[in-house]
Trainee: 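Quick one: the structure is below, questions incoming.
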Protein chains: 2
Amino acid sequence: MNIGQAAAASGLSAKMIRHYEHSGLLQPTQRSDAGYRQYQPKDIEILKFIRRARVLGFSLADIAGLLALWQNPQRSNTVVKQVAQQHLAEVELKLQELHAMKQTLQQMIAQCAADGGAHCAILQHLAKPTRS
Amino acid sequence: MNIGQAAAASGLSAKMIRHYEHSGLLQPTQRSDAGYRQYQPKDIEILKFIRRARVLGFSLADIAGLLALWQNPQRSNTVVKQVAQQHLAEVELKLQELHAMKQTLQQMIAQCAADGGAHCAILQHLAKPTRS
DNA sequence: GCTTGACCTTGCCATGATGGTAAGGTTCAT
DNA sequence: ATGAACCTTACCATCATGGCAAGGTCAAGC
């Protein structure tokens with residue numbers, strides 16, 4: 001299986017698969033005589049694992065740790081849970097920040113007449129916020 | 001007023017103020033004989049404007065546009081509102097994505113025993129998700 | 001006057017995950 | 001044997017920010 005097929009099968013881009021290998025997240029694969037990377041079904045499972053973790057927002061550094069735990073029969077689920085909880089905390093923090101942005105933006109937009117005039121509540125707020 | 005004081009007064013870092021000038025967001029300021037940037041009270045207001053817009057998550061490109069509108073007496077608040085609405089839409093999109101991550105992470109974490117054993121619902125989910 | 005510390009200058013490199021592009025080699029089907 | 005579709009490496013770009021290095025400047029105290 002060449003990298004293009006591995007990419008299609010895993011949902012990653014070929015570009016990223018090469019990048020993951022280069023940055024140490026993946027073990028270098030076997031190569032064909034011409035130097036093409038060869039992927040086995042087992043490799044595809046690893047690529048899918050990475051993709052799912054990326055969808056959940058885990059960093060590549062986190063994923064490196066999760067992959068090592070996954071492949072270690074002596075692992076402790078306590079460690080895995082800690083990694084996930086730490087990431088969840090970061091996600092929740094960003095959610096709060098974005099929520100605050102959303103609230104303020106909505107208020108500003110609601111106060112803007114949008115009648116084509118020069119008076120603008122949004123610019124006013126940015127220039128000298130009345131509150132928040 | 002030197003850049004350090006301008007930074008303290010505006011809440012930006014000196015580094016970023018230089019960067020904004022370099023990237024065209026800010027007009028180059030006057031310089032002292034020694035080449036130090038000199039900031040007037042009016043400049044501080046601009047810096048504060050930028051900082052407030054950054055807190056709301058506007059990109060530097062957006063802010064360049066907002067600044068130009070702010071300083072244009074012929075502006076139309078319709079345009080300003082469009083910029084804000086576009087940005088709000090992006091914020092809401094990211095909120096949705098993060099919310100989905102949070103949901104899945106919470107489910108995975110709730111299913112993880114964390115008893116120090118090797119069995120791990122989190123890794124299981126990443127390896128072969130049952131659903132979602 | 002000279003030293004010292006706190007400030008300023010420019011310029012380069014790094015982050016994190018991803019995309020693009022370029023220049024070249026391979027495979028396969030026609 | 002030719003062309004399309006694939007593969008290879010290597011470099012550059014994004015976006016906003018921080019860090020570091022090497023050097024100039026200013027003000028206060030001795």
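FYI, side chains are in, hydrogens and waters are out, and symmetry mates aren't considered; it's all heavy atoms of this structure. Every chain is numbered from 1 and lettered A, B, ... according to where its sequence line falls, protein lines coming before strand lines.
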Trainee: In whole angstrom, what separates D33(B)'s CG from dC8(C)'s P?
Mentor: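 Whole-Å distance recorded here is 17 Å.
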
Trainee: Just by modelled atom types, is the G116(B) backbone N or O under 3.5 Å from a matching donor or acceptor in the T78(A) side chain?
Mentor: yes

Trainee: Atom CD1 of I17(B) and atom C1' of dT9(C): how far apart are they, to the nearest Å?
Mentor: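 Rounded to the whole Å, the gap is 15 Å.
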
Trainee: Counting N and O atoms only, with roles assigned by atom type, does the side chain of K81(B) sit under 3.5 Å from a partner on the main chain of A114(A), one being a donor and the other an acceptor?
Mentor: no

Trainee: Show the atom names and distances, to 0.1 Å, of all donor-acceptor pairs under 3.5 Å that link a side chain in residues 40-49 of chain B to residues at least two apart or in another chain.
Mentor:
{"residue": "D43(B)", "atom": "OD2", "partner": "Q40(B)", "partner atom": "N", "Å": "2.8"}

Trainee: Are the side chain of R75(A) and the backbone of A118(B) linked by a donor-acceptor contact shorter than 3.5 Å?
Mentor: yes

Trainee: Filter on side-chain hydrogen bond (donor to acceptor under 3.5 Å, both in side chains), then keep only pairs touching residues 59-69 of chain B, sequence neighbours left out; what's left?
Mentor: none

Trainee: According to the ring pair (Phe, Tyr, Trp, His ring centres under 6.0 Å) rule, which pairs have a member within residues 76-123 of chain B, sequence neighbours left out?
Mentor: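 Residue pairs passing ring pair (Phe, Tyr, Trp, His ring centres under 6.0 Å), neighbours aside: F58(B)-H87(B).
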
Trainee: Under a 4.5 Å cut-off applied to non-hydrogen side-chain atoms, are R52(A) and H125(B) in contact?
Mentor: no

Trainee: What one-letter contact string describes nucleotides 4-18 of chain D from 5' to 3', where B marks a base within less than 4.0 Å of any protein heavy atom, S marks contact via sugar-phosphate atoms alone, and - marks no contact?
Mentor: --BSBBB-----SBB

Trainee: Which residues, if any, of residues 91-100 of chain B bring a heavy atom under 4.0 Å of DNA chain D?
Mentor: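 Under 4.0 Å from DNA chain D: no residue of residues 91-100 of chain B.
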
Trainee: What is the distance, rounded to the nearest whole Å, between atom CE of M1(A) and atom C1' of dT27(C)?
Mentor: 17 Å

Trainee: Please list, chain by chain and in numerical order, all residues satisfying side chain to side chain donor-acceptor pair (under 3.5 Å) with N2(A), sequence neighbours excluded.
Mentor: Q38(A)

